[in-house]
Amino acid sequence: MIKIENLTFAYGKKKPNVIEDLSLTLHPGAIYGLLGKNGTGKSTLFYLLSGLLFPDGGKVMMNDINVTKRQLGTLQDIYILPEEFDAPKISFEKYVRLHAPLYPRFDHEQLGRCMAEFELPMDVDLKSLSMGQKKKAMLCFALATGTRLLLLDEPTNGLDIPSKAVFRRVVTSCMNDERIIIISTHQVRDVEYLLDRVILLKNSQLHYEGATADITERLSFAVVPTSDVPSTVIYQEPNLAGTSVVYPNPGGEETVLNLELFFNALSVQPDLVERYLKA
Amino acid sequence: MNSNSLTRIKYLLLQDLSMNRKRYISLFVGLFLGTLMLIYLVHPKYLLHDGSERFYVAVYNSMPVFIVCATLVFISELFANFSTKQKRVHQLMLPATKGEKFAARFLLCCVGFPIVFVIAIVLADVARWILSPLLFENTLPLICHKLIPDMLLKTTFYWEGETLDHFLFCSFMTWIATFYAMGSALFRRRALLKTKLCLMGGFILLVLFLENFDIPGKSAVDDNVFDVMRIVAACILLVLSVVQFCLTRRLYNRIQVISKQTWYDRI
């Protein structure tokens, strides 16, 4: 379990807080989506969660240990795949041989399955790969480490369209009751069917945190002809096919989550959306 | 330290060597060419009249400066694997203790690099011996088989000067080594150059400051007073070394993926 308590951080004493008084508990067995506009602190939160940055206030506790202590046990249980990384100029097989022994729960079979799904050979030379292929290889490694906390920053950036579906498949297959996966992304359509819970950041603070099941139980998302917009609509925006709308779902009917629409609705009509979510 | 620690240190070392091999190969080639140049600069004037013994002495006397410079380069490399953001993420997130990560880096920079340096000296001498007949009419014999043991044993264990001078010299070298280690932790990128500039700046300020005082030379003071001055200077340097070592350790423990703007924030 990860406990974030009153987390505050700024890049310098005279700079504004990038994260302000954020408190949150992350439970294992869930895939979290971390959303927010540019500059709202998503990557900063990742660095704070992994102990790569020291907060100015508050703390992040993983299994009751402060992550900033960078203890061996904590480091063996966290893996972060940043948006930009330096792929080393060695073969992937060699990279695995050098790094896998440091992760006690590393699963070589899982790695083999992921690489096969992405159609990449194990002995591929990392320096000869395109950016998207490097990302696939490092994603496979990240999923195979078996760490209890996995942080993926924009994991689908650079992936081709078929690989995005493969990504969803492999992430689901690597999920278990002990693991927390947090995906930070602007490409919400790539991951919206994957997420169990959503964290939204706005103005350096936690704007919303909840289960995707709760959202779809209370709100409906649809694209309707412009003349047929429901009277109970909470939020609407024009669409090439008509109008995208968010409206209450009092009957709890099954509905498909549109994360982009939900994000926009929450940004524009936060009070209204939150009222229906809490109902 | 248990066997798991040793295993992790082994993997950390192997990773470092594999992922930075181009850089380390360049370092080795630089040391080889530097030594070869040094030997060749000294070499020609001893070719005539069988100057092999004087050639050996000339090379032996030139080596200390070269060794000190090379040692400072090695120490400045201690924290080079934290020089970019991507490298910091990789290094900080490696599942090993801070001590193990530092031990791996220390073994590489302060043990591995000097061994590579010795190999470079041997190869440079062999290259000189092979190439000399092509460039000159005759050649001087190999000296590396005598040079290496003499450098290691005589310089470390034999001292022909006074004990207090030896103590002062060792304190000074300890101070300068910890200063460069601190520079490596503080600057990380182009640490050698920046540390050198800080040192030069510090010495200039010290000289300007000392100009205000009338410091007597050795001949103007009593031998006992001069001995006390040397002991005090050596002790000050040792204390400064300890302070610098502690600061280096603190800087290392507080490395973050994104550097805060001021050095004060880092400490």
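Just so it is clear: chains get the letters A, B, ... in the order the sequence lines come, proteins before strands, and each one is counted from 1.
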task: Compute the centroid of each ring, for A/His99 and then for A/Tyr95, and state whether the two points are separated by less than 6.0 Å.
output: yes
statement: So, the part of A/Gln71 with a heavy atom under 4.5 Å from chain B: the answer is neither
- prompt: Given a strict heavy-atom distance threshold of 4.5 Å, which part of B/Lys10 is in contact with chain A: side chain, backbone, both, or neither?
  reply: neither
- prompt: Any chance the rings of B/Tyr24 and B/Phe113 have centres within less than 6.0 Å?
  reply: yes
task: Answer yes or no: are there more than 12 heavy-atom neighbours, outside B/Phe106 itself, under 6.0 Å from its atom CZ?
output: no
Verdict with supporting geometry, B/Lys85 and A/Glu84, salt bridge (Lys or Arg N to Asp or Glu O under 4.0 Å): CA-CA 10 Å; B/Lys85 183 177 158 188; A/Glu84 289 166 8; over 6 Å; no
message: Heavy-atom cut-off 4.5 Å, strictly under: side chain, backbone, both or neither for B/Asn20 against chain A?
response: neither
field: Proximal component of A/Lys69, with respect to chain B [non-hydrogen, under 4.5 Å]
entry: backbone
